[in-house]
2 protein chains.
Amino acid sequence: MRSYHEYCSVARALDVVGERWTLLIVRELLLGPRRYNELLEDLPGIGTNLLADRLKMLTEIGVVRQRPARTDGRAKAYELTPFGAELRPSVLHLARWGMRLLGDPPPGAVTRPRWGFLAVQALIQPGSVDSIDEDYEFRVDGEVFHISVRDATANAAAGPAENPAMVAVTDTATFIRIGSRRITPFEAVASGVLTLTGDPAAVMRCSAILGLTGAGAAAVPA
Amino acid sequence: MRSYHEYCSVARALDVVGERWTLLIVRELLLGPRRYNELLEDLPGIGTNLLADRLKMLTEIGVVRQRPARTDGRAKAYELTPFGAELRPSVLHLARWGMRLLGDPPPGAVTRPRWGFLAVQALIQPGSVDSIDEDYEFRVDGEVFHISVRDATANAAAGPAENPAMVAVTDTATFIRIGSRRITPFEAVASGVLTLTGDPAAVMRCSAILGLTGAGAAAVPA
DNA sequence: CTGCATCCGCCTCGATACTG
DNA sequence: CAGTATCGAGGCGGATGCAG
């Protein structure tokens, strides 16, 4: 295992998760346990030997562990250990930062609706959460997830909301275009690529939580 | 420039800062502007061509920019753009995460006191800051920096504090050993590798800010 | 069919030498 | 001091093979 040989926690962290593909494997596992072949599908281009090597290394270090898959007793699934799950803030901050680098989807690019789920978690701004308890549901290219606000704290979770105050329906490209502030939700609604139903006031509160209301659409320099 | 070809903000971020050495360059620049040869010294093993390539790429993307060095009008220094500086939370979270992976300093490992400055910033827990305005000074192998608490918010800065309520003097290895919770500040004082002067109550408040008081010395699994 | 291990061409990386 | 040029070694990516 290659190392920077620096006695610094950043360098040490990068010794473990800084090699190619490794943090993307963590990204997938942050969305839930995953089987080997599922990871191969989620990460086009990775090469099966590399995935096996990375999983073995991450398992040895204690970032990832195996456990029997839910559906099939024989098959095994990979999941993050609690230690590995502590990478979530780093990955979410990277997601937030990378959002501004995303232009329109290039022709050869792969897109997965699940990634939008991560994007929402990255956009949530703890300071902008109102004290009204309610849920917002998102349906992005068939993938369904929601944000729950309880006690002025917002959490994202998979699956539909029980009684959503707002439902947003769109496609992955539009979703990321909104998240990267290239268009506003209102423009998306106007052009018909986003459908918002529910309480208009809840729509505004949800937009605020995701930091999409302010004029702070900072552009990428140069 | 190599890419994952995924339309996902995490993958896009890693396209830019995920290659070898790149995030360590950012780490150095987070500590202030730096000249080419200084970066070469800070990052042993990088290879001068790779540093040049990375700096050029980061400059084109808008993460880094050049500006005339302060001391010498002709010489140029590299610094982060505001966009690049937004990588700070990601790097600090990684620093926090990697702290638990740091054992005792291996024989061949390089150590720089400046890295401890980053470690302190990574350890600061916004929720554990008392509402007493005061400063804490740290002297680690000659490098001096401090934490300022104002309005229940803690900030780390380079240089000495004006009127520190506490001064901690130690070496880099001990400093990181404390940060990784392998020993407590009290054990370090007892064994003579850490010297704390000032108000004992301030020492406790500072320890709390850095999350060093609780029993939460979570170990690395397996 | 899933879950890897092996093999091979290629491209990045790392070290040294060289130039403005 | 601040890079560019060159070249060998090794990690990476893709195809294939094989065991449970």
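Source: prediction; values computed, not measured. Letters A, B, ... mirror the listed sequences (proteins, then strands); counts begin at 1. Keep in mind that the numbers below use all heavy atoms, side chains included, and drop hydrogens, waters and symmetry copies.
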From CD of Gln66(A) across to P of dG3(C) the rounded distance in Å is 10 Å
Quiz item: OP1 or OP2 of dG14(C) sitting under 4.0 Å from any side-chain N/O of Arg20(B)?
Solution: yes
Original post:
Is any side-chain N or O of Arg35(B) closer than 4.0 Å to OP1 or OP2 of dA2(D)?
Top reply: yes
Any carboxylate oxygen within less than 4.0 angstrom of a Lys/Arg side-chain nitrogen, looking at Arg2(A) and Asp15(A)?
no
note: Glu38(A), atom CD; dC4(C), atom C1'; distance rounded to Å ~ 16 Å
Ranking dG3(C), dG14(C), dG3(D) by distance to the side chain of Asn49(B), first place goes to dG14(C)
Would you indicate, yes or no, if dG20(D) has its OP1 or OP2 atom less than 4.0 angstrom from a side-chain nitrogen or oxygen of Tyr36(A)?
no
When rounded to whole Å, the CG to C1' distance for the pair Leu51(B) and dT12(C) reads 16 Å
- prompt: Salt bridge check: are Asp171(B) and Arg177(B) linked by an N-O gap of less than 4.0 Å?
  reply: no
note: Asp53(A), atom CG; dC7(C), atom P; distance rounded to Å ~ 14 Å
Taking OP1 and OP2 of dC4(C), is either one under 4.0 Å from a side-chain nitrogen or oxygen of Lys56(A)? no
### Task
Indicate whether OP1 or OP2 belonging to dC13(C) is found under 4.0 Å from a side-chain N or O atom of Arg54(B).
yes
Taken to the nearest whole Å, CD1/Ile46(A) to P/dG11(D) is 16 Å
message: When you measure from the side-chain N and O atoms of Trp21(B) to the phosphate of dT12(C), is any distance below 4.0 Å, counting only OP1 and OP2?
response: no
To the nearest angstrom, the CE-P distance between Met57(B) and dT4(D) comes to 15 Å
In whole angstroms, the gap separating P of dC8(C) from CG of Leu50(A) amounts to 19 Å
Measure the shortest side-chain to side-chain distance between Trp115(A) and Arg27(A) over non-hydrogen atoms and say whether it is less than 4.5 angstrom.
yes
(Q) For dG3(D), does the base pair up with any side-chain atom of Asn37(B) as donor and acceptor (N or O, under 3.5 Å, distance only)? (A) no
Quick note, Arg2(B) side chain, CB onward, closest among dC12(D), dG14(C), dA5(C) is dC12(D)
Those residues at least two apart in sequence (or on a different chain) that pass side-chain hydrogen bond (donor to acceptor under 3.5 Å, both in side chains) with Thr111(A) are none
Q) Does a donor on one side chain sit under 3.5 Å from an acceptor on the other, for Thr22(A) and Arg54(A)? A) yes
To the nearest angstrom, the CE-P distance between Met1(A) and dG10(D) comes to 18 Å
